[in-house]
Amino acid sequence: MKTIAQTQAEILALKKERDVCILAHSYQAREIVEVADFTGDSYALSVFAANAPNSVFIMCGVRFMAETVKILSPHKRVYLANPDAGCPMAEQMDRELITAVKAQMPDYTTVAYINTTAELKTVCDVCVTSSSAVQIVNAIDNDKILFIPDCNLGDYVAKQLPQKQFKLLQGGCPIHAAVKKSELLAMKKRYPQAVVAVHPECTPDVVALADYVGSTSGIMERAKSGSEREYIIGTELSIAEHLQYICPDKRFYGLSKKLLCENMKITTLPDVLNVLLGVGGEEIVLPEDTIRDARRCIDEMIRLGG
Ligand code: 13P
Ligand code: SF4
């Protein structure tokens, strides 16, 4: 039997030998984060990949993240470590639906959360991530915004930018949206000293009770740098776990046991090794016109967010 440490050592040797860059979203398991060249939120991953010199990437995350890397680096090989890792939110709306909605609202700028398929991005104007949404939407030279697909993130951005007019559709993350205000109230009662840090994919009533609202990296930074000793973490449970390793002298409590993203959790360390051995994963292949048209939307995000 191979141990975790032996598997990690094999991965590290192979990736060095083949000049492969391993990217891991912050929701990945600890043993994957430990072998990654870079770990971060959706925005940081896409920017890092765009600037990395490697010719092969392995994405430990979900499909739209691997597609984003491919769109930014079309001449490089990009593998999704586990081909079944999709994001249900990214699949909620398709190009036909949004094309029809846009036709009804020609004077609106269509802002797509990065949690969308490459195909859907081709008909949108600007991408945003949870860490950059407020800044980017603020920088758009139009006060009329069609924000898709996450109505919770859209509501959060709209509240920060009351000067703009938002049209939201009924989409969102089933994991974050499942957390109830009553659960947060119960956690606050149990840990009255704890700072509440939540992801803006949570519902507005949960977000309204938070001390801090931000992306996965934003939440981690707030918790690492804060002088407070206890934190209720309102995003995927792995973040509270990672933080507990990073800051052993503080205490981190997952806001709800519903905050478990099965898609983020299906990638395993052996999956990563199998990609390097050429017997696993899926190489991301996108039509040239999809890459070209989706890229406009991502380039605009990087331009407005930079
Ligand atoms: P971040 O942009 O914060 O990494 O979030 C991605 C995601 O899928 C959250 O559920
Ligand atoms: Fe998608 Fe939600 Fe999972 Fe993030 S937590 S990958 S938005 S399903």
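Remember, it's 1-based here, ligands and their atoms both numbered in the order they're listed.
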- Compute whether any side-chain donor of one residue and acceptor of the other, for Ser215 and Ser217, lie under 3.5 angstrom apart. no
- Query: Numbering the atoms of ligand 2 from 1, which are under 4.0 Å from a heavy atom of Asn115?
  - Reply: 7 (S)
- Could you check atom 6 (C) of ligand 1 against the protein and tell me its nearest heavy-atom contact, residue, atom and distance included? Ser42 OG, 3.4 Å
- Item | Metal site atom 2 (Fe) of ligand 2: N/O/S of Cys173 inside 2.8 Å | yes
- Query: Charged N to carboxylate O below 4.0 Å: is that the case for Arg30 and Glu34?
  - Reply: yes
- Message: Just to confirm my output: which protein heavy-atom neighbour is closest to atom 1 (Fe) of ligand 2, and how far is it?
- Response: Cys87 SG, 2.4 Å
- Angle class for the His199/His176 ring planes (parallel below 30°, perpendicular above 60°, tilted otherwise)? tilted
- Task: Could you tell me which atoms of ligand 1, counted from 1 in the order shown, lie closer than 4.0 angstrom to a heavy atom of Ser130?
- Result: 1 (P), 2 (O), 3 (O)
- Message: Lys121 vs Thr116, test: side chain to side chain donor-acceptor pair (under 3.5 Å). Steps then yes/no.
- Response: CA-CA 7 Å; Lys121 287 183 179 84; Thr116 41; 3.3 Å; yes
- Message: Within ligand 2, which atoms have a heavy atom of His176 less than 4.0 Å away?
- Response: 5 (S)
- Out of Met264, His199, Met89, Glu201, the nearest non-hydrogen contact to atom 10 (O) of ligand 1 is supplied by Glu201
- Item | Any N, O or S atom of Cys261 closer than 2.8 Å to atom 3 (Fe) of ligand 2 | yes
- Query: Do the side-chain N and O atoms of Glu236 and Ser238 include a donor-acceptor pair separated by under 3.5 angstrom?
  - Reply: yes
- Item | Numbered atoms of ligand 1 (with element) below 4.0 Å of Tyr27, judged on heavy atoms | 7 (C), 9 (C), 10 (O)
- Task: Check the angle between the aromatic planes of Tyr253 and Tyr191 and answer parallel, tilted or perpendicular using the 30° and 60° thresholds.
- Result: parallel
- Given the rule in the salt bridge (charged side-chain N to carboxylate O under 4.0 Å, His left out) test, do Glu67 and Arg63 qualify, once you have shown the distances and angles that lead to the verdict? CA-CA 6 Å; Glu67 285 186 347; Arg63 183 169 293 271; 5.3 Å; no
- Query: Who's the nearest protein heavy-atom neighbour of atom 4 (Fe) of ligand 2, and how far?
  - Reply: Tyr27 CE1, 3.9 Å
- Query: Does the side chain of Asn82 come under 3.5 Å of the side chain of Thr267 through a donor N or O and an acceptor N or O?
  - Reply: no
- Item | Pair Arg296 + Asp125, salt bridge at N-O below 4.0 Å | no
- Item | Per-atom contacts of ligand 2 with Met89, taking only distances under 4.0 Å to non-hydrogen atoms | 7 (S)
- Message: Tell me the contacting part of Asn115 for ligand 1: side chain, backbone, both, or neither, using a 4.0 Å heavy-atom threshold, strictly below.
- Response: side chain
- Task: Report yes or no: do Thr290 and Glu119 form a side-chain donor-acceptor pair below 3.5 Å?
- Result: no
- Judged by non-hydrogen atoms, does Asn263 sit under 4.0 Å from ligand 2? no
- Query: Numbering the atoms of ligand 1 from 1, which are under 4.0 Å from a heavy atom of His25?
  - Reply: 1 (P), 4 (O), 5 (O), 6 (C)
- Message: Once you restrict to heavy atoms under 4.0 Å, what part of His176 touches ligand 1? Side chain, backbone, both or neither.
- Response: side chain
- Task: For atom 8 (S) of ligand 2, grab the closest protein heavy atom and report residue, atom and distance to one decimal in Å.
- Result: Pro88 CD, 3.4 Å
- Query: Going by the order shown, which atoms of ligand 1 are within less than 4.0 Å of some heavy atom of Ser215?
  - Reply: 3 (O)
- Query: Does at least one non-hydrogen atom of Cys173 fall below 4.0 angstrom from an atom of ligand 1?
  - Reply: no
- Query: CD of Gln6: more than 12 outside heavy atoms within 6.0 angstrom?
  - Reply: yes
- In ligand 1, which numbered atoms sit nearer than 4.0 Å to a non-hydrogen atom of Asp41? 1 (P), 3 (O), 4 (O)
- Item | Glu236 touching ligand 2 at heavy-atom level, < 4.0 angstrom | no
- Message: Under a plain distance cut-off of 3.5 Å, with no hydrogens placed, do Tyr113 and Ser42 share a side-chain donor-acceptor pair?
- Response: no
